[in-house]
Visitor: 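I am attaching a structure below and will ask some questions about it afterwards.
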Amino acid sequence: TPMQRQKLLLLLLFHLLCISPTTNAAAAKMAAARQRFREAPKFYNSPDCHSIASADICSAGAVHVAMTLDAAYLRGSMAAIFSALQHSSCPENICFHFAVAASVAPADRICLRRAVAASFPYLCFGVYAFDDAAIAGLISTSIRSALDRPLNYARNYLAELLPPCVRKVVYLDSDLVLVDDVAKLAATPLDGDAVLAAPEYCNANFTSYFTPTFWANPTLSLTFEGRRACYFNTGVMVIDLKKWREGDYTTKIVEWMELQKRMRIYELGSLPPFLLVFAGRIAPVDHRWNQHGLGGDNFRGLCRGLHPGQVSLLHWSGKGKPWVRLDANRPCPLDALWAPYDLLDGRFAIES
């Protein structure tokens, strides 16, 4: 049929532009982006959903989700998108916002966009160039090189990257899947002065996220005075971008990063500046929305089980990623929960 011929031509064009051989350096850089992904089924709104303007990123009533997009984590991002759509009551009302490193070659950026569009032809989404070169000078080395990628810091700049019409957004890492409706998470109230909402973990050793230099400093050690500061994971957050812009919170985070370059006050990548600014000041979210740590620790990435309680989101934070372990035929038991959302072409389901 004409429709089938059109799809075949688009697939051929994508193959020629994004999967053809390049130089060794470029091939290594875009190895993940050259993977082929299946087209996901289209998901439709339930009858009680209100309609939003098709493909209008500023549609009133849309649920906004922000993620980063790069070659290394593209496979994880595709699974996360798929899971969000599959478990949504109003999937046509979700608009995705993808931050892509500005240092990525324009042709490679096009390939990333086309990979998403090919698997999700009906998706409402925008792609935004993040000035990773500008942030690179502020990044201090941490305990794991993956945590030092400039794109990890794009979450600090969502208020500047996304259109002003987007007033509230759910930020999601690329190494997770949802098993519940993301609209429920997006509906988290941000009352009063709360700018951000996330599950808190007050049993974690909060002091360990900062160096002895920080705690020995008579001024810095008072940073959390009067605040019930607890650890929270920045891979799943609900952010009021209007309040963020009004309070200029990007500048507040950058100021801590600048201090870190002068005197080492923390060790763990992009997380501590968020803790310094927001810990003890965030709105609560049920732990079910971030069953994190499934990737193990930051050194060995050993298998871990679920935390007690209900589950709405599974998060493979830590060194071990499910697609890497599956490809190596060394999956952890919970990686089988990620596998059904893997859109990589030619994959086989894990036998239970």
Side-chain angles (χ1 to χ4, degrees), residues 29-30 32-33 57 64-78 80-81 84 95-106 108-113 115-116 125-142 144-164 166-176 195-198 232-245 247-258 260 266 268-278 290 315 317 321:
K29 185 177 180 182
M30 292 300 294
I57 212 77
H64 295 281
V65 177
M67 300 176 66
T68 58
L69 200 62
D70 69 340
Y73 283 81
L74 180 59
R75 189 168 164 191
S77 299
M78 300 290 263
I81 299 165
C95 286
F96 285 84
H97 304 264
F98 300 112
V100 178
S103 62
V104 172
D108 293 338
R109 207 180 306 158
I110 291 171
C111 289
L112 290 169
R113 174 189 279 274
V116 173
F125 75 95
V127 176
Y128 311 87
F130 168 62
D131 189 357
D132 52 322
I135 193 70
L138 290 173
I139 297 174
S140 302
T141 55
S142 64
R144 183 161 61 90
S145 60
L147 300 176
D148 302 334
R149 296 161 57 248
L151 197 57
N152 281 343
Y153 293 80
R155 71 195 82 190
N156 303 3
Y157 296 87
L158 294 177
E160 288 78 28
L161 286 173
L162 273 56
V166 180
R167 298 169 60 118
K168 188 178 185 182
V169 69
V170 175
Y171 175 81
L172 299 176
D173 272 351
S174 296
D175 54 356
L176 55 79
V195 177
L196 184 153
F232 63 92
N233 180 281
T234 54
V236 179
M237 299 183 289
V238 183
I239 304 172
D240 186 321
L241 294 179
K242 183 175 182 293
K243 290 181 184 176
W244 184 295
R245 294 172 181 125
D248 195 15
Y249 283 94
T250 297
T251 297
K252 291 177 171 64
I253 288 176
V254 168
E255 286 172 349
W256 282 111
M257 295 176 68
E258 290 172 340
Q260 164 77 350
Y266 56 79
L268 194 63
S270 62
L271 169 66
F274 265 85
L275 296 179
L276 287 160
V277 175
F278 293 111
N290 195 352
H315 187 187
S317 57
K321 302 306 173 189

Visitor: Between F125 and I81, is any pair of side-chain heavy atoms under 4.5 Å apart?
Guide: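 No, side chains not in contact.
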Visitor: Taking side chain to side chain donor-acceptor pair (under 3.5 Å) as the test, write out the residues that go with T234, two or more places apart.
Guide: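 Per chain and number, T234 pairs via side chain to side chain donor-acceptor pair (under 3.5 Å) with R155.
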Visitor: Any chance you could measure L172, atom CG, to N290, atom CG, to the nearest 0.5 Å?
Guide: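 Here the interatomic distance stands at 9.5 Å.
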Visitor: Using 0.5 Å steps for rounding, measure from the CH2 atom of W244 to the NZ atom of K252.
Guide: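 NZ of K252 is found 10.0 Å from CH2 of W244.
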Visitor: With a 4.5 Å limit on heavy-atom distance, are the side chains of I253 and Y157 in contact?
Guide: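 Not touching, per the 4.5 Å side-chain cut-off.
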Visitor: Please tell me whether F130 and Y153 form a close aromatic pair, meaning their ring centres lie under 6.0 Å apart.
Guide: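 F130 vs Y153: aromatic centres not under 6.0 Å.
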Visitor: In sequence, state the C-alpha distance, the side-chain angles, and the governing distance for V169 and V65, and then conclude on side-chain contact (heavy atoms from CB on, under 4.5 Å).
Guide: CA-CA 6 Å; V169 69; V65 177; 5.7 Å; no
Visitor: Going by the rule side chain to side chain donor-acceptor pair (under 3.5 Å), which residues pair with N156 if we only count those two or more places apart in sequence or in a different chain?
Guide: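 For N156 there are no side chain to side chain donor-acceptor pair (under 3.5 Å) partners, ignoring immediate neighbours.
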Visitor: Could you give the distance from CZ (R149) to CD1 (I135), rounded to the nearest 0.5 Å?
Guide: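 So the CZ of R149 and the CD1 of I135 are separated by 14.0 Å.
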Visitor: Restricting to salt bridge (charged side-chain N to carboxylate O under 4.0 Å, His left out), what partner residues turn up for K242, sequence neighbours left out?
Guide: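 Testing K242 for salt bridge (charged side-chain N to carboxylate O under 4.0 Å, His left out), a comparison that skips the adjacent residues, returns E246.
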Visitor: If you measure from CG on L176 to CG on N233, what distance do you get to the nearest 0.5 Å?
Guide: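 Here the interatomic distance stands at 9.5 Å.
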Visitor: Side-chain contact, heavy-atom cut-off 4.5 Å: P273 with Y266?
Guide: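 Yes. Closest side-chain heavy atoms under 4.5 Å.
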Visitor: Under a 4.5 Å cut-off applied to non-hydrogen side-chain atoms, are D70 and V104 in contact?
Guide: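 The answer is no; the side chains never approach within 4.5 Å.
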Visitor: Decide side-chain contact (heavy atoms from CB on, under 4.5 Å) for D175 and H315; before the verdict, give the C-alpha distance in whole Å, the side-chain angles of both, and the deciding distance to 0.1 Å.
Guide: CA-CA 6 Å; D175 54 356; H315 187 187; 3.0 Å; yes
Visitor: If you apply the rule side-chain contact (heavy atoms from CB on, under 4.5 Å), what do you find for D173 with V236, and how did you get there?
Guide: CA-CA 7 Å; D173 272 351; V236 179; over 6 Å; no
Visitor: Are side-chain heavy atoms of L196 and F274 found at a separation under 4.5 Å?
Guide: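 L196 reaches F274 side chain to side chain.
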Visitor: Looking at side-chain heavy atoms only, is the closest gap between Y73 and K321 below 4.5 Å?
Guide: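 Yes, their side chains come closer than 4.5 Å.
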Visitor: If you measure from CG on L158 to NE2 on H64, what distance do you get to the nearest 0.5 Å?
Guide: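 Separation between the atoms: 12.5 Å.
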Visitor: Backbone N or O of A102 within a donor-acceptor pair of the D132 side chain at under 3.5 Å?
Guide: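 Looks like yes, one N/O pair under 3.5 Å.
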Visitor: Can you name the closest pair of heavy atoms from R109 and A129 and give their distance?
Guide: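 Scanning both residues, the minimum pair turns out to be NH1-CB, 4.1 Å.
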Visitor: Is the number of heavy atoms from other residues, nucleotides or ligands under 6.0 Å of R167 CZ greater than 12?
Guide: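 Counting neighbours around CZ of R167, 12 or fewer heavy atoms of other residues, nucleotides or ligands fall under 6.0 Å, so no.
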Visitor: Please step through side-chain contact (heavy atoms from CB on, under 4.5 Å) for the pair L161 and H97, ending with a clear verdict.
Guide: CA-CA 9 Å; L161 286 173; H97 304 264; over 6 Å; no
Visitor: Less than 4.5 Å apart, side chain to side chain, heavy atoms only: is that true for L162 and L241?
Guide: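 Heavy-atom side-chain distance check passes, below 4.5 Å.
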Visitor: Quick one: pull up CG in L138 and OG in S270 and give me the separation to the nearest 0.5 Å.
Guide: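 These two atoms lie 13.0 Å from each other.
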Visitor: Where is the tightest heavy-atom contact between M67 and Y171, given as atom of each residue plus distance?
Guide: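 Distance-wise, the nearest heavy atoms are CA-CE1, 4.4 Å.
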